[in-house]
Amino acid sequence: MQSPGQKKSIAGTLLGLLGSGPRKAGPAAGPAPDGDVVQPAAGEGALENHLGGDEARNYRKYEYETVAPHVGRSMLEVGSGLGHFSEQFAGRLDYLVVSDNDPYCVGELRARYDGSDDVEVIDLALPAEIKIRRKVDTVVMMNVLEHIKDDVQALRDLASVTEPGGRIVIWVPGYMQLYGDFDRKVGHVTRYTPATLEASVREAGLVPEVLKPINFLGGIAWWFAVRRGGTGYPDPKLVKIYDRTVVPFTRTIERFVKPPFGQTVFCVARVPR
């Protein structure tokens, strides 16, 4: 049995790996003096990106390998950013739609896929009518739904462009007990539990096929961070250490044990035929 001191040490280590204590973020980028659109700064509007960036390769692999088995031959990704997640599906899709509502990201996506006839780029802020060339068999939302107040209508809009029998794959932050300063800064309306996400999915007329919490150790670390006054700006160096140690260990555990909660809730919802 671990002593209180040992438990504190483990908690402190996990907390440190995620970045301890609140820090003041830099200001979000605005228009350049000449009116050009500029890349969002690493400030309040872009904090979320640092949890899955270049210093979190294992985590990005974790995301891909969790989502990929549920993706068919055509996909709409909501909130594509610069397209790093969707590019992993290159070669297996007949038709890809990437989207964002940030002008810089939309511009970069259009430049990236210029001349690619099987890729469509759209400016999309849900809820909204979605105009694409044809329906897709899969929609993927990675850390998007939690930003949308009317999540049910957003899901209905996505279902309208998904083939009957197709899937909407949802990856969202879990559990309001973990809600803190970080969530407020990046514009999270809520964090979900399996029960609250299921309620939104069913109200939208979808059928949940997979619904579970994941990233148990990440959830523990995040809880300690919030209990100490709110998570701060994720330090890329510490994220890299966390990515190389805790993420692989978490994946191994979750192959054998169903976690009771986690930093993330994962859902695959079916569009009725």
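Here the structure is a predicted model, which is why all the values come from computation and not from measurement. All values below come from the heavy atoms of this structure, side chains included, with hydrogens, waters and symmetry mates left out.
Under the 3.5 Å distance criterion, the side-chain polar atoms of R156 are left unmatched by any main-chain donor or acceptor of G205. Using a distance-only test at 3.5 Å, with no hydrogens or angles considered, no donor-acceptor pair links the side chain of R191 to the main chain of M176. Under the 3.5 Å distance criterion, the side-chain polar atoms of R244 are left unmatched by any main-chain donor or acceptor of R57. Counting only distance, with no hydrogens or angles, the side chain of D183 and the backbone of G180 share a donor-acceptor pair below 3.5 Å. The backbone N or O of R73 sits nowhere less than 3.5 Å from a side-chain atom of R92 that would complete a donor-acceptor pair. For T196 (side chain) and Y192 (main-chain N/O), no donor-acceptor pair under 3.5 Å exists by modelled atom type. The closest donor-acceptor contact from the side chain of Y64 to the backbone of F89 lies at 3.5 Å or more, if one exists at all. A donor-acceptor pair is defined here as one N or O able to donate and one able to accept, closer than 3.5 Å; no such pair exists between the side chain of E203 and the backbone of S200.
Ring geometry for H70 against F266 counts as tilted: the plane angle lies between 30° and 60°, on a 0 to 90° scale.
For D123 against R110, the heavy-atom pair with the smallest separation is N-NH2, 4.4 Å. Across all their heavy atoms, D157 and A128 have their closest contact at OD2-N, 2.8 Å. Across every non-hydrogen atom of V119 and V98, the tightest pair is CG1-CG2, 4.4 Å. The heavy-atom pair separating P69 from T66 by the smallest distance is CD-O, 3.6 Å. The two residues P259 and E254 come nearest to each other via the heavy atoms CG-OE2, 4.0 Å. Nearest heavy-atom pair across L155 and A204 is CB-CB, 3.6 Å.
Side-chain contact between L109 and L82: absent, with no pair of heavy atoms (C-beta onward) separated by less than 4.5 Å. Looking at Y179 and R184, their side chains come closer than 4.5 Å, going by heavy atoms from C-beta outward. The shortest distance between side-chain heavy atoms of S99 and V121 does not fall below 4.5 Å. Using a 4.5 Å heavy-atom cutoff, the side chains of L145 and L197 are in contact. Under the 4.5 Å side-chain criterion, counting only non-hydrogen atoms from C-beta, V78 is in contact with L76. A heavy-atom distance below 4.5 Å is not found between the side chains of V136 and M75. The closest side-chain heavy-atom distance from P173 to N143 is below 4.5 Å. In this structure, the side chains of I253 and L217 come closer than 4.5 Å at one or more pairs of heavy atoms.
A distance of 11.5 Å separates CG in L124 from CD in E77, rounded to the nearest 0.5 Å. Here L93 contributes atom CG and Q88 contributes atom CD; the two are 11.5 Å apart, rounded to the nearest 0.5 Å. In this structure, E209 CD and L206 CG are separated by 10.5 Å, a value rounded to the nearest 0.5 Å. Taking NZ from K61 and OH from Y59, the interatomic distance works out to 15.5 Å, rounded to the nearest 0.5 Å. The NE2 atom of H188 sits 3.5 Å away from the NE2 atom of H147 when rounded to the nearest 0.5 Å. For the atom pair CG (L126) and CG (D150), the distance works out to 10.0 Å, reported to the nearest 0.5 Å.
T190 and E146 are not linked by any side-chain donor-acceptor pair at a separation below 3.5 angstrom, with hydrogens and angles left out of the test. Side-chain N/O atoms of N215 and Y62 include no donor and acceptor closer than 3.5 Å. Side-chain contact of D100 with S80: a donor-acceptor pair under 3.5 Å is absent, judged by distance alone.
Salt bridge status for E108 with R112: absent, with no side-chain N to carboxylate O gap under 4.0 Å. A salt bridge between D181 and K185 is present, with a side-chain N of the basic residue lying under 4.0 Å from a carboxylate O of the acidic one.
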Notebook entry, point to check: When you look at V140 and V71, which way does the side chain to side chain contact (heavy atoms under 4.5 Å, CB included) test go after all the steps?
Noted result: CA-CA 8 Å; V140 174; V71 174; 4.2 Å; yes
Margin query: Before you tell me yes or no, could you show the steps for I170 and I168 under side chain to side chain contact (heavy atoms under 4.5 Å, CB included), namely the whole-Å CA-CA distance, both residues' side-chain angles and the distance that decides it to 0.1 Å?
Written below: CA-CA 6 Å; I170 306 165; I168 298 178; 3.9 Å; yes
Next item on the list: Please step through side chain to side chain contact (heavy atoms under 4.5 Å, CB included) for the pair I122 and I132, ending with a clear verdict.
Entry: CA-CA 8 Å; I122 63 172; I132 54 179; 3.9 Å; yes
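Counting only residues at least two apart or on different chains, the side-chain hydrogen bond (donor to acceptor under 3.5 Å, both in side chains) pairs with a member in residues 124-142 are S74-D137.
Evaluation of the ring-ring contact (aromatic ring centres under 6.0 Å, His included) rule for Y95 yields no partner, not counting sequence neighbours. Here F261 pairs with Y175, F216 under the ring-ring contact (aromatic ring centres under 6.0 Å, His included) rule; sequence neighbours left out.
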